[in-house]
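Here the structure comes first, spelled out in structure tokens, and everything after it is commentary.
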Amino acid sequence: MHPYGNQIMRSHYCGAITTSNIDDTVTLCGWVDRRRDHGGVIFLDLRDREGIVQVVFDPDTDEHFQRADRVRSEYVLKVTGRVRARSEATINPTMATGEIEVLGKALEILNAAETPPFQLDEYTNVGEEVRLQYRYMDLRRHEMQERLMLRSRITTAVRNFLDGERFLDIETPILTRATPEGARDYLVPSRTHPGEFFALPQSPQLFKQLLMVSGFDRYYQIAKCFRDEDLRADRQPEFTQIDIETAFLDEQAIMDITERMIRELFRDVLDVDLPAFPHMRYSEAMERYGSDKPDLRIPLELVSVDDLMQQVEFKVFRGPADDPAGRVAALKVTGGASISRKEIDVYTDYVAVFGARGLAWIKVNDIAAGIEGLQSPILKFMPDEIVAQMMERLGAADGDIIFFGADRAAVVNEALGALRLRVAQDLGLVGEGWAPLWVVDFPMFEEDPAGGWTPLHHPFTAPSGSIDELQAKPGECLSRAYDMVLNGTELGGGSIRIHQREMQEAVFRILDIDQEEAQEKFGFLLNALQYGAPPHGGLAFGLDRLVMLMVGASSIRDVIAFPKTQSAACVMTNAPGAVSTQQLRELNIRLRQNSSEDGTKA
RNA sequence: GGACCGGUAGUUCAGUUGGUUAGAAUGCCGGCCUGUCACGCCGGAGAUCGCGAGUUCGAGUCUCGUCCGGUCCGCCA
């Protein structure tokens, strides 16, 4: 007896029928994936989330055969039939259910369907706009079903792991208050407080810290977060974090637990054993890879040559080499001498995007021939001796090309760091597999253009030094933050938080948040820190990015059921949309301009 | 806010130096077909060339503007 009695219309999933069901009578519900009409026999491929099975109708079942004749793609059917083995000659080895088929006895059309707006098969590339407009159709495609089912397995595995580690799932508000830090807030007007607004949370950061103050010790939540900033392939205005916070654990313990979580996740879901997670200091990551999220699958590294360039006249290199805030670095690309002048021009344009004012290069044709074996427009500006030392340092070999960046260190790191990724991609130098690491010892602050300080992580991150050290030299102070990086993507980041009011106030002072503003915006946090806040810290993973990597997608839109376009709109629902003047009046809102007739609808 | 790429049958694309009736594939519709599985064969329908100006005897094609989608920079504690 089926536990749900006759409420269940189907006896099996299409994709789950095997040779063990031979001679069983089954009832299937699904969509018509394809119909092949041979006149005297009709094949229907019936699809549900578990897969596809072939159903055969022949004229013996006249009424049902006639119905099968009327059926079209994406009709929703209920089919009852008998499972039978296919004859040797008709077995389809490319199909999971290819050894069997269902001989249809009864066919009920549960719903007809219009011709789909695009073909759902795997052979047609469909533009993303159409896919998003008919997302409910797009999600029927096998590829999307797989991705979302894997996403579900991932969140389930995460929940099971954290539950097993005695973490508590606690929800935090979606309607909260705006904070002056960080990204632009999504705002929600309050009807009951005219002229005031809620903000949607950029993350549950403060709430989870307060839960630590409350004694919940180990918290997690799979939480929606909202940031009103411009979109990218890996950025949506609403996205999901695996949010974690603990009390009485230091950073090493937190990294251990979360690393174990990711490791078990990959084993459970992908059957992959991740390699060791090396710990790399932020400074080393910037020095060697020009990035705080290095892709360790790529065997190219930046090498500083400032000391050598301090000995040349060539101003373009000499200037940044002498400047403490400057950097001259080389990127040796093994086998890159085959890159043409035209391609170098393309790379030059590419690094210009990051502020680089040029891209110097040296091709190594014959290293044994010394300076004669090198080819470059900049050699004439350098003494042979310096060039020779540089080749030695870089370990240059025949067939290499060396690119140079010389500018402010930030520009050089960004430009050569990006070039490293681009060239590796173009030349197929990105290794296979998974390359995780922890990046640690981040600076507390970085200098903003106005000369002030902004936090590298967020203003609640604990510094590794004392208040005095912090105030004396904010630019040199390190934080107790850590990022998990996988294949060049920042999967998650976290820190030990400040749990003492004095320290939190000191950080606010450095960030130029005065006492009044601190009290106004963060008074509840400062107060809480006085009522027995335990040492605490945590981490948040970007679930969408994690799933994207695990399914091999190139955009997080492909692992989100209903994502937004780059302009942060939904082409299916047409959100955002206008609202009635009545709604606006209730919210005490008047639009600044009546944007013609469609500005509001009555 | 900025740079670049794209927008032509339902879909994916082609469209030459500005020149006759805008093509292909696939899908769709009709007919035939009892073993196909991206079935096959025959026939048919299907286009506001994103939108608006401009240049020209003539614009899918050139120019300007605009909208939409995408990649990236800025932005994203």
Side-chain angles (χ1 to χ4, degrees), chain A residues 33-46 52-60 65 72-74 86-95 97-98 101 103 114-134 137-138 179-185 202-203 205-206 225-237 239 346 349-356 411 414-415 418 421-422 442 444-446 448-449 453-461 479 481 490 493 495 507 511 513 540 542 554-555 557 564-569 571 574:
Chain A
D33 193 65
R34 216 181 287 278
R35 171 176 165 276
R36 289 177 297 279
D37 181 356
H38 285 252
V41 62
I42 296 172
F43 300 99
L44 298 179
D45 287 344
L46 200 64
I52 291 175
V53 71
Q54 171 169 287
V55 185
V56 193
F57 283 92
D58 63 36
D60 296 348
F65 181 81
R72 292 294 179 272
S73 288
E74 302 307 316
R86 296 198 194 186
S87 71
E88 196 79 23
T90 60
I91 285 176
N92 183 350
T94 65
M95 212 173 164
T97 58
E101 65 187 7
L103 179 60
E114 291 292 308
T115 301
F118 53 88
Q119 284 156 259
L120 299 187
D121 62 48
E122 69 225 76
Y123 307 99
T124 318
N125 284 330
V126 181
E128 198 170 1
E129 193 176 0
V130 190
R131 287 174 52 202
L132 290 180
Q133 192 183 343
Y134 298 93
M137 302 292 288
D138 186 42
T179 59
E181 297 294 326
R184 194 177 294 117
D185 288 307
Q202 295 177 27
S203 82
Q205 180 61 37
L206 292 175
C225 305
F226 306 86
R227 295 178 192 177
D228 187 7
E229 295 292 348
D230 286 344
L231 280 62
R232 291 287 188 279
D234 63 352
R235 270 163 39 188
Q236 283 274 303
F239 62 99
V346 172
D349 290 343
Y350 182 63
V351 296
V353 165
F354 302 92
V411 170
E414 275 189 52
L421 302 180
R422 173 75 186 269
F442 285 82
M444 255 318 258
F445 308 104
E446 59 187 350
D448 64 33
W453 298 101
T454 53
L456 219 73
H457 191 48
H458 58 53
F460 317 109
T461 300
S479 71
E490 182 197 324
S495 62
V507 169
L511 297 176
I513 299 172
S554 51
S555 159
R557 293 188 299 275
K564 308 269 188 295
T565 65
Q566 193 162 53
S567 64
V571 288
N574 275 321

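By convention in this document, chain letters (A, B, ...) are assigned in the order of the sequence lines, proteins followed by strands, and residues within each chain are numbered from 1.
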Taking the [atom1] atom of each, how far is [N] from [M], in whole Å?
{"N": "B/G70", "M": "B/A25", "atom1": "C1'", "answer": "24 Å"}
{"N": "B/G30", "M": "B/G46", "atom1": "C1'", "answer": "14 Å"}
{"N": "B/G27", "M": "B/G74", "atom1": "C1'", "answer": "43 Å"}
{"N": "B/U11", "M": "B/C37", "atom1": "P", "answer": "28 Å"}
{"N": "B/C33", "M": "B/A38", "atom1": "P", "answer": "23 Å"}
{"N": "B/U26", "M": "B/A22", "atom1": "P", "answer": "22 Å"}
{"N": "B/G60", "M": "B/G50", "atom1": "P", "answer": "10 Å"}
{"N": "B/U61", "M": "B/G18", "atom1": "C1'", "answer": "6 Å"}

Less than 4.5 Å apart, side chain to side chain, heavy atoms only: is that true for A/V130 and A/D138?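 Side-chain contact under 4.5 Å: no.
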
Could you check whether [X] gets within reach of a base, just the sugar-phosphate, or nothing at all, counting any heavy atom under 4.0 Å?
{"X": "A/A89", "answer": "nothing"}
{"X": "A/D349", "answer": "nothing"}
{"X": "A/E414", "answer": "sugar-phosphate"}
{"X": "A/I42", "answer": "nothing"}
{"X": "A/T454", "answer": "nothing"}
{"X": "A/Y350", "answer": "nothing"}
{"X": "A/T461", "answer": "nothing"}

Could you state the [atom1]-[atom2] distance from [X] to [N], rounded to the nearest angstrom?
{"X": "A/F57", "N": "B/U36", "atom1": "CZ", "atom2": "C1'", "answer": "16 Å"}
{"X": "A/F43", "N": "B/U36", "atom1": "CZ", "atom2": "P", "answer": "7 Å"}
{"X": "A/D230", "N": "B/G74", "atom1": "CG", "atom2": "P", "answer": "12 Å"}
{"X": "A/R422", "N": "B/U71", "atom1": "CZ", "atom2": "P", "answer": "15 Å"}
{"X": "A/Y134", "N": "B/G27", "atom1": "OH", "atom2": "P", "answer": "19 Å"}
{"X": "A/D121", "N": "B/A25", "atom1": "CG", "atom2": "P", "answer": "17 Å"}
{"X": "A/D58", "N": "B/U36", "atom1": "CG", "atom2": "P", "answer": "16 Å"}
{"X": "A/R34", "N": "B/G40", "atom1": "CZ", "atom2": "C1'", "answer": "14 Å"}

Value rounded to 0.5 Å, distance of CG in A/L206 from CZ in A/F460: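 Nearest 0.5 Å value for the CG-CZ distance: 4.0 Å.
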
[X] side chain near [N] phosphate (N/O to OP1/OP2, under 4.0 Å):
{"X": "A/R36", "N": "B/U36", "answer": "no"}
{"X": "A/R184", "N": "B/C75", "answer": "no"}
{"X": "A/R557", "N": "B/U71", "answer": "yes"}
{"X": "A/R72", "N": "B/C29", "answer": "yes"}
{"X": "A/R232", "N": "B/G74", "answer": "no"}

If [N] has a Watson-Crick or G-U wobble mate with both distances under 3.5 Å, name it; if not, just say none.
{"N": "B/G6", "result": "B/C68"}
{"N": "B/U55", "result": "none"}
{"N": "B/A25", "result": "B/U11"}

Output one letter per nucleotide in nucleotides 2-15 of chain B: B when a protein non-hydrogen atom lies under 4.0 Å from the base, S when only the sugar-phosphate is that close, - when neither is. --------BSS---

Give a yes/no verdict on base stacking between B/A38 and A/Y123: centres under 5.5 Å, planes within less than 30° of parallel.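 Here A/Y123 meets both the 5.5 Å and the 30° conditions.
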
Given the structure, check if the side chain of [X] and the base of [N] hold any donor-acceptor pair shorter than 3.5 Å.
{"X": "A/R227", "N": "B/C76", "answer": "no"}
{"X": "A/R86", "N": "B/U36", "answer": "yes"}
{"X": "A/D228", "N": "B/C76", "answer": "no"}

Looking at [X] and [Y], what are the two nearest heavy atoms and their distance?
{"X": "A/A415", "Y": "A/A356", "result": "CB-CB, 3.9 Å"}
{"X": "A/L231", "Y": "A/P237", "result": "CD2-CD, 3.5 Å"}
{"X": "A/V53", "Y": "A/T97", "result": "CA-OG1, 3.6 Å"}
{"X": "A/F239", "Y": "A/F226", "result": "CE2-N, 4.5 Å"}

Would you kindly compare A/L456 and A/G39 by the position of their nearest RNA chain B nucleotide and give the one closer to the 5′ end?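 Nearer the 5' end of the strand: A/G39.
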
A/L132 or A/N92: which one's nearest nucleotide on RNA chain B is closer to the 5' end?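 It is A/N92, whose closest nucleotide lies nearer the 5' terminus.
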
Could you walk me through whether A/R235 and A/D230 pass salt bridge (Lys or Arg N to Asp or Glu O under 4.0 Å), step by step? CA-CA 8 Å; A/R235 270 163 39 188; A/D230 286 344; over 6 Å; no

A/R86: what forms a side chain to side chain donor-acceptor pair (under 3.5 Å) with it, not counting sequence neighbours?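 Expected list: none.
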
Residue pairs passing the salt bridge (Lys or Arg N to Asp or Glu O under 4.0 Å) test where at least one lies in residues 120-129 of chain A, sequence neighbours excluded: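 For residues 120-129 of chain A: A/E128-A/R557.
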
Sidechain-backbone polar pair: A/Q202 side chain, A/A183 backbone, donor-acceptor under 3.5 Å: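 Pair found, side chain donor or acceptor close to backbone of A/A183.
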
